Amino acid sequence: MVNRRPLIAGNWKMFKTCQEAVDAAIQISVLVADVVSDVDVMVAPTFTALALVSDKLEDSPVLVGGQNLYWEKEGAYTGQISADMLVSAGCKCVIIGHSERRQYFNETDETVNKKIKAAISAGLVPVFCVGETESEREAAKTFSVLDKQVQKGLEAFSPDDLKSLVVAYEPVWAIGTGKTATSEQAREVHSYLRVLLDRSFGADLAASIRILYGGSVKPDNVSELMSMEDIDGALVGGASLDPETFSKIVHFK
Ligand code: PEP
């Protein structure tokens with residue numbers, strides 16, 4: 001029986017100035033100090049705040065993650081940030097393939113694949129986001145959409161490459177909408193994702209990968225979600241912006 005340590009990750013998206021991010025990160029590190037022996041906690045500020053936040057969290061187990069990266073190591077790619085640059089700013093993790101990036105910034109399964117590869121090569125934990133839109137769910141395409149996202153996103157990796165991978169199931173219709181998947185809807189998809197991982201990479205890896213749920217996670221729904229089999233954590237958007245609220249989510253037990 002594999003013991004998957006829960007991970008609660010906050011995605012701050014394009015919110016918070018540098019000072020606001022530092023203040024929030026410090027508050028979070030204090031508020032969650034009593035549970036970090038049992039739960040991994042991550043915050044993902046904007047690029048401009050990463051180094052400052054990492055510096056302030058140097059003595060805290062709270063992890064810092066990027067919200068995106070570019071797969072090339074360096075070069076004439078105005079506006080892009082490489083995996084090594086994230087590492088040099090103190091990141092341990094990076095969110096890849098978030099639905100907002102797929103929707104607004106032309107992220108595809110192919111670019112997601114390249115980004116995961118770059119993250120792993122640099123020693124970053126990739127938090128690989130997948131999920132269906134509302135119309136795909138209504139058309140009963142949830143599983144086929146996930147099949148494709150997982151297959152293409154993780155194409156050409158070996159089980160060994162993916163030892164640190166975290167998957168985040170984020171139904172697009174539940175992100176920032178206040179609609180949460182029911183705990184049973186989420187469990188069903190998480191179990192399905194684990195079967196997909198098992199088929200492609202074997203039982204050992206599938207059993208060890210953490211699968212987070214994301215989509216309007218709040219203090220009042222996190223405990224039920226976390227009680228479900230195959231739900232190993234949460235990727236939290238809106239509710240991670242307020243340290244007190246995020247801390248309540250981290251204290252889901
Ligand atoms: C997210 O952006 O990953 C997310 C899940 O957002 P929210 O919690 O606001 O739905």
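Whatever order the structure lists ligands and atoms in, that order sets their numbers, starting from 1. For clarity, every value in this text was computed on a predicted model and none was experimentally measured.
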Got a sec, which hydrophobics cluster with F105, joining ILVMFWY side chains under 4.5 Å apart, including via others?
Y104
Partners passing side-chain hydrogen bond (donor to acceptor under 3.5 Å, both in side chains) against Y70 (at least two apart in sequence or in another chain)
none
One pair to check against salt bridge (charged side-chain N to carboxylate O under 4.0 Å, His left out): K117 and D161. What are the steps and the verdict?
CA-CA 9 Å; K117 192 167 179 198; D161 294 331; over 6 Å; no
Residues L212, Y169; criterion side chain to side chain contact (heavy atoms under 4.5 Å, CB included); working and verdict:
CA-CA 6 Å; L212 315 184; Y169 169 55; over 6 Å; no
Test: salt bridge (Lys or Arg N to Asp or Glu O under 4.0 Å). Region: residues 12-39. Which pairs qualify, not counting sequence neighbours?
K13-E100
List the protein residues in contact with ligand 1, where contact means a heavy-atom separation under 4.0 angstrom.
N11, K13, H98, E170, A174, I175, G176, G214, G215, S216, L235, V236, G237, G238
Could you go through the salt bridge (charged side-chain N to carboxylate O under 4.0 Å, His left out) check for R137 and E134 one step at a time?
CA-CA 5 Å; R137 177 163 278 265; E134 188 153 35; over 6 Å; no
